[in-house]
Amino acid sequence: MKKIIAMLLALLMLVSLMTACGAKKEDAPAADAPAADAPAEAPAEDILDTDLGSAPVSPEAEDAPEASTARTDLVLATTVPMDGCDPHFNTSTANGTAINLVYETLVLVDQQVNVTPLLCEKYDILEEGLVYEYKLKQGVKFHNGEEMKASDVVYSFTRAQQAPGMYANVALIESIEAVDEYTVRIKLIQPYAPFYHLVGNVAIVSEKAATEAGDAFATEPCGTGAFTISEWTAEKISFTRFEDYHGETPKLETITVSTVSDAATALMAFEAGDLDYIGVPNSDVERLTNTGLYNMVMVASNNTTYITFNNQVAPFDDVRVRQAIAYAINKEEILLGACEGYGYIAETIGNPDYTLGLPDVEDVVTYEQNLETAKQLLAEAGYADGLDLGKMMVMAGSDEFSLTAEIMKSQLEAVGITFEVQLTEPSSFVADAITGNYGIAIMGITLGIDMAEHEMAYVTAGIDQLNLPRFSNERVDELFGLAMVETDQAKRDEYYAEVVNIVAEQAAIVPLSYSVSVIAADPALIFDPILPVRTWYWAAE
Amino acid sequence: MNNTAKKQSQFREFWRIFFQNKPAVVGLVIVILLMLMVVFAEQIVPEKLAFEQHITKAARMQPPSKEHIFGTDHLGRDLFARVIHGGRYSLTVGFIPTIVAMLGGMLLGACAAYFGGAVENLIMRICDVFACIPGTLLTLSFAAVLGAGMDNMMVAITITAIPGCTRFVRSIILNIVEQDYMEAARMCGSSSFRIMTRHVLPNAMGPLIMSTVSSIAGMIMMGAGLSFLGMGVQPPNPEWGYMLSESRDYMYRAPHLFIIPGIFIMVSILAFNLTGDGLRDALDPKLRR
Amino acid sequence: MSKYVIRRLLLMIPTMIAVIFIVFSILSFIPGDPGRMILGIAAPQEAVDMFNHNLGLDRPFIVRFLDYVGGIFLRFDFGESYRNSIPVIDEIMMRFPTTFRLAVFGVISVVILGVPLGILAAIRRSTITDASITVYAMFLTAIPGFWFGMILMYFFALKLKWVPVFGVSEWKGYILPIITMAVPGSSGLIRLTRVTMLETVNQEYIKTARAKGAPEAIVIWKHALKNAVLPIINSIGLSFSGLLGGTVVIETIFSIEGIGKYIMTSIGARDIPAVMACTIILAGIFCVIVLLIDLIYAFIDPRIRAKFSS
């Protein structure tokens, strides 16, 4: 008996020692590239998410001769580990970086929603918006050496139709067919103006590789992008330049993305020189700027922080109450306290600079802080003696929202309104918001780059889905219907402007600010944060 | 010697040993001070100061000064006020789950020991199953089900702690039951119930109280940790663990926001541990020279 | 004896099924459906329904539970993660070695830091040594782990650059996390060792040994320690299994991809197969550790061995 126990103990020790040794062996071939930061901050979607929308402008710097002293590696960071590179079935924003490096789409859409051909030479819109015909670029190689043909495009779109994550992009497609080896024709069920840029969300994959890999395709990707994946663990993922890339060869040879789950840790790593590029938490921006050591760039985004009311529930069903709250708050104070001043005051959901169809802030109904008006409205609504809003639901995970709530608390107290903050975990928050199980809430959201994609947020049919304020207005429903089939962009802009103004007059929601990311980078890195990573490079030493 | 007199001298003996243990005495003093701080928080500093914000560059994140003894936080609130009133939240999170879990454990443990047989088996099996589940996972899951908030967090912590307390209480009771004087009681013909209430429970009180006091320390730490991770106390309510979590973003700029609540957590846990250890040393005859 | 072991192993099965049932039920009560959580708030309802249907989430509870249990026992299939359709086993195996290493080295460090100091305190009871060790242990217990970790990281990684700031791709990356776990963690073992040694040292047989003229060292090592070691082993075993599942905070601060963090993010994302698989594996390991501890007890203490064999 003793012997058996002794053996078991010895085995346990042996196993732990072996795994320790195993660790050392794995570590040896690890890339020793110095780390660079990727935006680790919450507000903006992963910066590189906007890559698919960037125009292929060559970097301004003169085409310097290949200086042999310039670095050719880049190390970024991500807060959530990248676990898959399937461009259609992917559900995690963290994987966007990898997908954007490995795959490409028919067209490139930049932040201002300008569309330029990428994998196609040109495209035509036929039959009054019902048919889209793409002439493909010839000689484009996939990573497996095969040439991209129309059949691959057809396959890619068909595959995307099976993916829940691609639904919004491909829902209106009736058929996709290969007219000849390099021409693809997509027919829609009905004309839909936004399709010309939605098509830029569907990556083109190699039919051969995808069918061979089957379920493993997420870890064995094959696209036309400028980089391929050379190493992949939970801790980091490495990319190498694809030498047969159809476009301009990138100057970078390797890119490494390390997983650093904690923003404070990532910042330390950046300052220690382990990362080259990082999204800086608002509270550290001033300190980093004062060191004078880094290149600091501010990047705006389409993410909006806002207050949402449940318009169907008292007291928020009374427009005067909603407007009183809008008049009582001071957005500048909130911006300073919650975001250290980094952001822009918002009057709409979605940043007008980055959303097609959204009117500029000057053209929208706004509410300047006016405590007297607020008190008057409250009195009219019957709350001259004060109003208790009950619980305010605040999304947990980002300090910005809880800080906003705390600041609002004192601002509203000045007009006699009180409430209790309830920090809610994101999953529960989303569940409650959608079912209308709340009265007032603070959250952030990024809607599409085209107002057409915002439809569900404002129409009656969107209640119990994206219409979190449960707002219902006949004219708004009508306007969205008109805009959906209208092909003249100017007319569509008019419709959407009217929608936004109705929503603002009714104070169905109160937008607070547009998020801004501050990027810090090694000064030797030449980059434009809204251009694809493949255009970045290092200055010669 | 009759029972009361015996108990009195035991009592005195107990305290004599306790007071010889200097660190334990210090601990007890601090515990009493903390409790006074909780009860008289409003008198020490008005609560509204803990919530009053001043969001101007001049007022935010000021280091300790004459006007603000501990300085101000990132929203311009007085840190001293927040820390004092924060004690109410942090210590409550330490006390209530511990006591409720102990009571629950006592009930279930006593039942298990008293009834024995199938009842004991059932209770202990359920406790075993819960013991297998990683504690963090259980607490996080309950917290997710119940939602955020201090009350819900306390419920989650309590539920997670009850199985452990049950086993502990049962083992103490079984320990006592095996002692010789129990034989004597049984031979005197006392009924089981009488034995349980007259002899077992009073003797179990000692180890139970000591264990409760020590657990409070652990609970304070757990509450701070959970608040640090994001579940638990709601802003703008002050709670030391949550204040630590808030202050991480400002670690470089305003270290006092990070250091001071941390010190208070440390001191509280230290005090309860010292007291608990002192109680144990005084109770346990095997530890005496 | 072997009959006892087999009986214990068999008993594990109903325990595990109970564990599965309890956790599965709790998770079912959490509000929010995975489709909506994973696709996001802006996703069209049709997409969410498609996603949920693909995962079989629209079936009733009993069907899903039995399907799950059946999958485990008949096919060893723990399902695929809701978030990325990768088999959960693969996800866990990617992270488990790291956490396992942290736990093993953590426990070893705790023993090295804790036991000798505890013995020392017990031997020199009521002297300055004892008092200072006790106070030191007290302080250690009180330090919040996350606080300690961040301070260490600030000095040693950022300022001195002796170790990397994050990750464990090189062995140096393990140093700070293990210190952060071991130093505060050793306090419990110091106190436990001290108390157990004191209890033992006062027993009759020790006095007898001393009276017989045995050298003090023998008294300590052979007699006292041998009896004191049982509760210590108990503590070590439980610490180990606690560390396997409870390193969330350490992993968060040091950006280590381990099981603790995986559990937390999975609960947040309502990724039920992931949470279930972690639970089952950790619970299983816990049961095995408890069994091992009991066996070790039997190994060391003949009285217990006799009880088990009967």
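Chain A is the first sequence line, chain B the second, and so forth, proteins listed ahead of strands; every chain is numbered from 1.
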TODO: Name the region of C:Ile263, side chain, backbone, both or neither, that has any atom closer than 4.5 Å to a heavy atom of chain B.
DONE: side chain
Open item on the list: Does any backbone or side-chain atom of B:Phe130 lie under 4.5 Å from a heavy atom of chain C? Answer side chain, backbone, both or neither.
Closed with: side chain
Open item on the list: Before you tell me yes or no, could you show the steps for B:Leu138 and C:Ile26 under side-chain contact (heavy atoms from CB on, under 4.5 Å), namely the whole-Å CA-CA distance, both residues' side-chain angles and the distance that decides it to 0.1 Å?
Closed with: CA-CA 9 Å; B:Leu138 202 56; C:Ile26 297 177; 4.1 Å; yes
Open item on the list: With a 4.5 angstrom heavy-atom cut-off, is it the side chain or the backbone of B:Ile126 that approaches chain C, or both, or neither?
Closed with: neither
Open item on the list: Would you compute the distance between atom CE of C:Met138 and atom CG of B:Leu274 and round it to the nearest 0.5 angstrom?
Closed with: 4.5 Å
Open item on the list: Working to the nearest 0.5 angstrom, can you tell me the gap between B:Ser141 OG and C:Met264 CE?
Closed with: 12.5 Å
Task: Between CD1 on residue B:Ile133 and CD1 on residue C:Ile22, distance to nearest 0.5 Å - done: 5.0 Å
Open item on the list: Tell me whether the count of non-hydrogen atoms from other residues, nucleotides or ligands lying under 6.0 Å of CZ in C:Phe156 goes above 12.
Closed with: no
- [ ] Please name the pair of heavy atoms, one in B:Leu270 and one in C:Phe139, separated by the smallest distance, quoted to 0.1 Å.
- [x] CD1-N, 3.4 Å
Open item on the list: With a 4.5 angstrom heavy-atom cut-off, is it the side chain or the backbone of C:Ile143 that approaches chain B, or both, or neither?
Closed with: both
Task: B:Ala271 portion near chain C, given a 4.5 angstrom heavy-atom threshold - done: neither
Task: Spacing of B:Asp128 atom CG and C:Met12 atom CE [to the nearest 0.5 Å] - done: 12.5 Å
Open item on the list: For C:Leu10, is the CG atom crowded, meaning more than 12 foreign heavy atoms sit under 6.0 Å from it?
Closed with: yes
Task: Atom pair CG/OG of B:Leu140 and C:Ser266 - distance to nearest 0.5 Å - done: 11.0 Å
Task: Point-to-point distance, once rounded to the nearest 0.5 Å, from CG of B:Asn273 to CG of C:Leu140 - done: 11.0 Å
Task: Nearest heavy-atom neighbours spanning B:Ile269 and C:Ala142 - done: CG2-CA, 3.7 Å
Task: Under 4.5 Å from a heavy atom of chain B, the part of C:Val23 involved - done: side chain
Open item on the list: Does any backbone or side-chain atom of B:Leu244 lie under 4.5 Å from a heavy atom of chain C? Answer side chain, backbone, both or neither.
Closed with: side chain
